[in-house]
Amino acid sequence: MRCVLVSKRLDLRGYFGAEFARSAPHVELVDHAAGAQDQDIRLALAWHPPDDAFERYPNLRAVCSIAAGVDNIMACPSLPADVDVVRVVDPGQAQMMSSFIAWHVIGHQREFAAFRAQQRDRIWQRRDQRRAEDVPVGILGNGGIGQRVAADLAQLGFPVMSWSRTAKPASQAGRGFHGPAGLAAMLSETEVLVNLLPLTSETRGILNGEVFGRMRRGGYLIQVGRGEHLVEADLLAALDRGQLSGAALDVFASEPLPPAHAFWHHPRIVITPHDASDVSINAVATTLAATAAAIGAGRRPPNAIDRTRGY
Ligand code: NAP
């Protein structure tokens, strides 16, 4: 099956071509940018597609993302309504994300920033250390990645709460909350807030002043969802008035983060360049191969999202 590569940001062939040849040998890659225009194309691999990208492929059946999120594909105006959108589900990525988040949760709990400052000033001073059990963590998103994060943080001794759209059965990885009332209840006990939501019309702007105001004073934000979840001015205001003591930001509304952006020099913001976790190249190839096989067999591809929910 032929697959068109569509991206205005990434050289998908250069990045994935060699692994696809090994793991998805029956998928022939063609380049959208080179002018591919074909009635036969039923499969696309896309990342930040140009607005008119899908107009050329009238028989498209599925578009694969190269990541867990599909928001940049869903936002493409030429995406046909009846096409499946497929995301990558990679347990290795969940593990990477979990260790990234544990790093920041423990950094907040054990005051790494204060030790760094003491070292800079050559100050030898022990600090009162808090136990994990005294630092409740609230996780927005209880999906594939959120569940792994919750389980690992619970294992480290943190009280963990998770929020989702639909109710979940109780688990050893902490308490579950859902819906707007559940969010308010979870936030009232939350010191560290982790955002692992997909970006949808319902979740855009969810990290705002009202949410920060419901958390424990001096709380901490770990933002690894999507940049558009965050109301940036509300974060700066919450840091200024001490409602939040710090934030770790991995994703931004504008990436790369512009050089003049206020976040770069903020003393209580830690920035990473959308590097919290990665899917493996093999997981993308496997997803593409499974999608091609499903299209060939007339089945719905595994890991196709529910387009009415947006994730
Ligand atoms: P997932 O398995 O689809 O899980 C999404 C979770 O969010 C589900 O628990 C879902 O609730 C919940 N949710 C969605 N809309 C909601 C709403 N309106 N209210 C409350 N909860 C809602 O996704 P995943 O694989 O865990 O990935 C989550 C997100 O992490 C991705 O979409 C992406 O934005 C982000 N991410 C970032 C990086 C990075 O490097 N920074 C890497 C990977 C992923 P239900 O369980 O009720 O459906």
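Heavy-atom basis, side chains included; hydrogens, waters and symmetry copies ignored. Atoms within a ligand are numbered from 1 in the order they appear, just like the ligands themselves.
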For a quick test of reading the model, state the closest non-hydrogen atom pair linking [X] to [Y] and the distance between them.
| X | Y | result |
| --- | --- | --- |
| S98 | D152 | OG-OD2, 2.6 Å |
| D90 | V279 | OD2-CA, 3.4 Å |
| S65 | V70 | CB-CG1, 4.0 Å |
| F158 | A132 | CD2-O, 3.5 Å |
| Q223 | N195 | OE1-ND2, 2.9 Å |

Element-labelled atoms of ligand 1 that are located less than 4.0 Å from some non-hydrogen atom of [X]:
| X | value |
| --- | --- |
| V224 | 35 (C), 36 (N), 37 (C), 38 (C), 39 (C), 41 (N) |
| K168 | 45 (P), 46 (O), 47 (O) |
| G141 | 6 (C), 7 (O), 9 (O) |
| N142 | 6 (C), 8 (C), 9 (O) |
| R165 | 11 (O), 16 (C), 17 (C), 19 (N), 20 (C), 21 (N), 22 (C), 45 (P), 47 (O) |
| L197 | 7 (O), 12 (C), 13 (N), 21 (N), 22 (C), 29 (C), 34 (O) |
| V251 | 41 (N) |
| T166 | 45 (P), 47 (O) |

So which protein heavy atom does [atom] come closest to, and at what separation?
| atom | answer |
| --- | --- |
| atom 26 (O) of ligand 1 | I145 N, 2.9 Å |
| atom 5 (C) of ligand 1 | P198 CD, 3.7 Å |
| atom 30 (O) of ligand 1 | L196 CD2, 3.7 Å |
| atom 38 (C) of ligand 1 | M97 CE, 3.3 Å |
| atom 43 (C) of ligand 1 | Q93 NE2, 3.2 Å |
| atom 15 (N) of ligand 1 | Y311 CE2, 3.6 Å |
| atom 33 (C) of ligand 1 | R226 NH1, 3.6 Å |

Tell me which one of R216, R214, R217 satisfies salt bridge (Lys or Arg N to Asp or Glu O under 4.0 Å) with E191. R216

Whether [X] lies under 4.0 Å from ligand 1, heavy atom:
| X | answer |
| --- | --- |
| R87 | yes |
| T200 | no |
| H178 | no |

Using distance alone, decide if ligand 1 has a nitrogen or oxygen within less than 3.5 Å of any nitrogen or oxygen in [X].
| X | result |
| --- | --- |
| D275 | no |
| E202 | yes |
| L199 | no |

Hey, mind stepping through D52 and S78 against side-chain hydrogen bond (donor to acceptor under 3.5 Å, both in side chains) and telling me if it holds? CA-CA 5 Å; D52 61 354; S78 61; 5.9 Å; no

Q172, CD atom: more than 12 neighbouring heavy atoms under 6.0 Å: no

Indicate the ring-plane relationship of F20 and F16, choosing parallel, tilted or perpendicular according to the 30° and 60° boundaries. parallel

In sequence, state the C-alpha distance, the side-chain angles, and the governing distance for L5 and H32, and then conclude on side chain to side chain contact (heavy atoms under 4.5 Å, CB included). CA-CA 6 Å; L5 304 174; H32 176 78; 5.9 Å; no

Using atom types as modelled and distance alone, determine if a side-chain donor or acceptor of R309 lies under 3.5 Å from a backbone N or O of Y311. yes

